[in-house]
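Each chain gets a letter, A, B and so on, in the order the sequences are listed, and its residues count up from 1. What you see is a predicted model; the values in this text were computed from it and never measured. The figures that follow rest on heavy atoms only: side chains count, while hydrogens, waters and symmetry mates do not.
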Amino acid sequence: MRRSQMLLPTLREDPKDAEITSHILMMRAGIIRKLDAGLYTFLPLGHRVLLKVIQIIREEMNRAGAQELLPPILIPASLWRESGRYEVMGKEMMRLQDRHENDMVLGPTHEEVFTHIVRENVQSYRDLPLNLYQINTKFRDEIRPRYGVMRCREFIMKDAYSFDLDEAGLEKNYQAMREAYRRIFARCGLEVIPVEADTGNMGGSNSEEFMVPSSVGEETIVHCHSCGYVANVERAEAKRELSSSSEEMLALEEIATPNVRTIEELVDFLGVSPQRFIKSLVYRTEHEIVMVLIRGDFMVNETKLKHVLNCIELEPATEEEVFQVTGAPIGFVSPVNLKKKIRIIADESVIGMRNAISGANKKDYHLKNMNPMRDFTWDRVADIHQVQEGEKCPRCSQSLKSYKGIEVGHIFKLGYKYTQAMNVRVLDKNGQSIPPIMGCYGIGVGRTIASVIEQNHDEHGIIWPMSIAPFHGIVIPVNMSDPAVVKAAEAIYTTLSARFEILLDDRDERPGVKFKDADLIGVPIRITVGKSFTEEGKVEFKLRRSEDKHLVALDDVEKFFEAWYEKEMAPYRV
RNA sequence: CGGGCCGUAGCGCAGUUUGGCUAGCGCGCUUGGUUCGGGUCCAAGAAGUCGGGGGUUCGAAUCCCCCCGGCCCGACCA
């Protein structure tokens, strides 16, 4: 490709609305352009990268025995009503009507569609197992699109859905996908960590997210140096020492706490440590209003709580709702003397507490010497606490640490949710009609690319791994008005282009401009035709990732390029 | 949805407080010259509904009202 003919608008300055490195560099290097909030065009340079990543994914999925197909992304609402998700998905799902006023959906995920495809075309155990995938556009109307292609409203995703006769088959498919993902990310030059994850509302036993450790990640990962335990904080557990206190129970006592509401304020006001408090929170779900109790120094993990409550929506109750239930304004709430009977969920941490402090269900008052069982009871005890750094590893009791990560892939066992809801049946060997068991496996393609840039850049720009670089090499004639230089560059370009992807920077620009651009767009191998060519007939080879330079005679260019290409490609062949 | 900041040429911004001539600067773009190993230099030029609508005024990018859009933070700790 000739640079002079390519739509490759590089920017000298950082775009003002780009916050993170990958977003800034993708804009500056002419990889993407924004069309609207969360909507991006992949320009020709970016498209080349995109196709390479897609190709790697495709090869590895095929290698793992999955089959690619291409369903529509415009989906009739009826399929979503069958699974029950039409109502559940909320505003994140793009909805529209066709000319006949039929409700339609732009697919945010494709469980229903793939389940339907299997339902229509599979009748017997002989047709299973199946692992079907697509590399296709997804729509999610995110509350807040962010960070360029990292979180956007329309994006490309590889999603696969496996169908098996039994759990053993699912396990096999799951492990095959796990291995495929490991290979895919390795080939893309991306370091990822598989992390135990929450399964969402799908239930199921296993779920892992492939995380790229990064300060700009939106997920929090909890890990243990000592034994290697790693989990998404949504799911993470900790070994808690909640030995019950043997303090003598004292008489319940009301204390005036004018305008003191938060645990933090109470700690200051009363001079008592936060472990002495019971935090009483009131939540609303789609089914009910509930009270949740947890020790004052812990935080509630809403993902865990959702599982316990078996609900999809979970929000803090409004001021009025809290008042109706407790008779007190927010800040003075407790499980003692509730005005209205509601379910109470207690975290494990409150059961053994003695002489605790919590609200009095009365404005400007709290209660002290509150004791579980004596003063209040609960409907259920559960672990609903959010693990914090410094807590103990659930396996080895060492201190847990946390860091941020970008979720680039997610694999999990779905179970029977969709095949049952949508009445998929196959006959097993005994002629019994049974629903297949499903797994699903996703990779965010744009997010993978952005993550590669987060991991591979310097102050000058992107440093592409050879495997997904938009070009293998760039040829820079230093002076376009020197016919000998131009002629040599053209010859190199023509020769190499027969076997490699080469960009020829044939613009009539100063050398500095070309070097800066070459660094910015991150092409792995650079060949400069300039001073050394004029003086001694040699061209200069340089790797983007290193400062070393090598002079090479014209006749040896192809051989040399091949050697460097192979060397640069080697780490990504797995 | 709440809070904060912002919207002026393709990009980055100044000008708005205190209304005033023809709306500026840098980059980029076009033309001519110059230069040629790390974003040359010189000259000339094209390019703007000042986010939109309404109002106040002799006069509005600037003041007032309404609307739209964007970015950031938050939307669990009572």
Original post:
Do A:H385 and A:D383 have side-chain N/O donor and acceptor atoms under 3.5 Å apart?
Top reply: yes

Original post:
Taking atom types as modelled, is there a side-chain donor on A:S207 or A:H410 under 3.5 Å from an acceptor on the other?
Top reply: yes

Subject >> B:rU8 versus B:rG51 - spacing of their P atoms, nearest Å >> reply: 6 Å

**OP:** Mind calculating the distance between CZ (A:F515) and P (B:rG37) to the nearest angstrom?
**Re:** 8 Å

**OP:** Look at all strands and tell whether A:V333 reaches a base, only sugar-phosphate, or nothing, counting heavy atoms closer than 4.0 Å.
**Re:** nothing

Subject >> Rounded interatomic separation in angstrom, taking CG from A:D347 and C1' from B:rC76 >> reply: 14 Å

Original post:
Does B:rG39 pair with anything, Watson-Crick or G-U wobble, both distances under 3.5 Å, and if so, with which nucleotide?
Top reply: none

Original post:
Does the side chain of A:K34 get closer than 4.0 angstrom to OP1 or OP2 of B:rG70 through an N or O atom?
Top reply: no

**OP:** Scan A:E19 against the nucleic acid and name what it touches under 4.0 Å (heavy atoms): base, sugar-phosphate only, or nothing.
**Re:** sugar-phosphate

Subject >> Mate of B:rG7 where both pairing distances stay under 3.5 Å, Watson-Crick or G-U >> reply: B:rC68

Original post:
In whole Å, what separates the C1' atom of B:rG45 from that of B:rG39?
Top reply: 23 Å

**OP:** Using a 4.0 Å heavy-atom cut-off across all strands, classify A:K279 as base, sugar-phosphate, or nothing.
**Re:** base

Original post:
Looking for any heavy atom pair under 4.0 Å, which part of the strands does A:R526 touch: base, sugar-phosphate only, or nothing?
Top reply: base

**OP:** Quick one: label A:D519 by what it contacts on the DNA or RNA (base, sugar-phosphate, nothing), any heavy atom closer than 4.0 Å.
**Re:** base

Original post:
When the nearest nucleotide of RNA chain B is assigned to A:V478 and to A:D517 on a heavy-atom basis, which residue is associated with the more 5' position?
Top reply: A:V478

Subject >> Separation of atom OH in A:Y283 from atom C1' in B:rC77, rounded to whole Å >> reply: 7 Å

Original post:
When you compare B:rG53 with B:rC76, how far apart are their P atoms, in angstrom units rounded to a whole number?
Top reply: 39 Å

Original post:
Rounded to whole angstrom units, what separation is found between the CG atom of A:D17 and the C1' atom of B:rC72?
Top reply: 11 Å

**OP:** Would you mind classifying the nucleic acid contact of A:V292 as base, sugar-phosphate or nothing, using non-hydrogen atoms under 4.0 angstrom?
**Re:** nothing

**OP:** Scan every strand shown for a Watson-Crick or G-U wobble partner of B:rG45, both distances under 3.5 Å, and answer none if you come up empty.
**Re:** B:rC29

**OP:** Rounded to the nearest angstrom, tell me the gap between atom CZ in A:R153 and atom P in B:rG70.
**Re:** 7 Å

Subject >> Any-strand Watson-Crick or G-U partner of B:rC1, both distances under 3.5 Å >> reply: B:rG74

**OP:** With C1' as the reference atom in both, quote the distance from B:rC27 to B:rA46 in angstrom, rounded to an integer.
**Re:** 16 Å

Original post:
If the C1' atom of B:rU40 is compared with that of B:rA47, how far apart are they to the nearest Å?
Top reply: 25 Å

Original post:
In terms of the nearest nucleotide of RNA chain B, which residue is placed more toward the 5' end: A:K16 or A:G512?
Top reply: A:K16

Original post:
Closest to the A:K516 side chain: B:rC72, B:rG12, B:rG38?
Top reply: B:rG38

Subject >> Pair partner, B:rU18 [Watson-Crick or wobble, under 3.5 Å] >> reply: none

Original post:
Which one, B:rC76, B:rG39, B:rU35, comes nearest to the side chain of A:R510?
Top reply: B:rU35

**OP:** Using the P atom on both, measure B:rA60 against B:rC21 and round to a whole Å.
**Re:** 11 Å

Subject >> Under 3.5 Å side-chain donor-acceptor pair for A:E558 and A:T495 >> reply: no

Original post:
For A:K304 and B:rC77, what is the distance between atoms NZ and P respectively, to the nearest whole Å?
Top reply: 18 Å

**OP:** Give one of base, sugar-phosphate or nothing for A:D482, where a contact means two heavy atoms less than 4.0 Å apart.
**Re:** nothing

Original post:
Are a donor atom and an acceptor atom from the side chains of A:T528 and A:K542 found within less than 3.5 Å of each other?
Top reply: no

**OP:** For A:E389 and A:S402, test the side chains for any donor-to-acceptor distance below 3.5 angstrom and give the result as yes or no.
**Re:** yes

Subject >> Paired nucleotide for B:rC13 [Watson-Crick or G-U wobble; both distances under 3.5 Å] >> reply: B:rG24

**OP:** Send over the distance from A:L520 CG to B:rC27 C1', rounded to a whole Å.
**Re:** 15 Å

Original post:
Any idea which of B:rC77, B:rC36, B:rG70 is nearest the A:M299 side chain?
Top reply: B:rC77

Subject >> Atom C1', compared across B:rC25 and B:rA9: separation rounded to whole Å >> reply: 12 Å

**OP:** Would you please say whether a donor-acceptor pair under 3.5 Å links the side chains of A:E219 and A:N232?
**Re:** yes

Subject >> Polar pair under 3.5 Å, donor/acceptor by atom type, side chain A:R12, base B:rG38 >> reply: no

Original post:
Will you find, in the side chains of A:Y40 and A:E154, an N or O donor that is under 3.5 Å from an N or O acceptor?
Top reply: no

Original post:
Touch check for A:R284, heavy atoms < 4.0 angstrom, all strands: base, sugar-phosphate only, or nothing?
Top reply: nothing

Original post:
How far does the P atom of B:rU49 sit from the matching atom of B:rU31, given to the nearest Å?
Top reply: 24 Å

**OP:** Send over the distance from A:E509 CD to B:rC36 C1', rounded to a whole Å.
**Re:** 12 Å

**OP:** Give a yes or no answer on whether the side chain of A:R276 reaches the backbone of A:V267 with a donor-acceptor pair at less than 3.5 Å.
**Re:** no

Original post:
For the side chain of A:R146, counting heavy atoms from C-beta on, which of B:rC72, B:rG37, B:rG39 is nearest?
Top reply: B:rC72

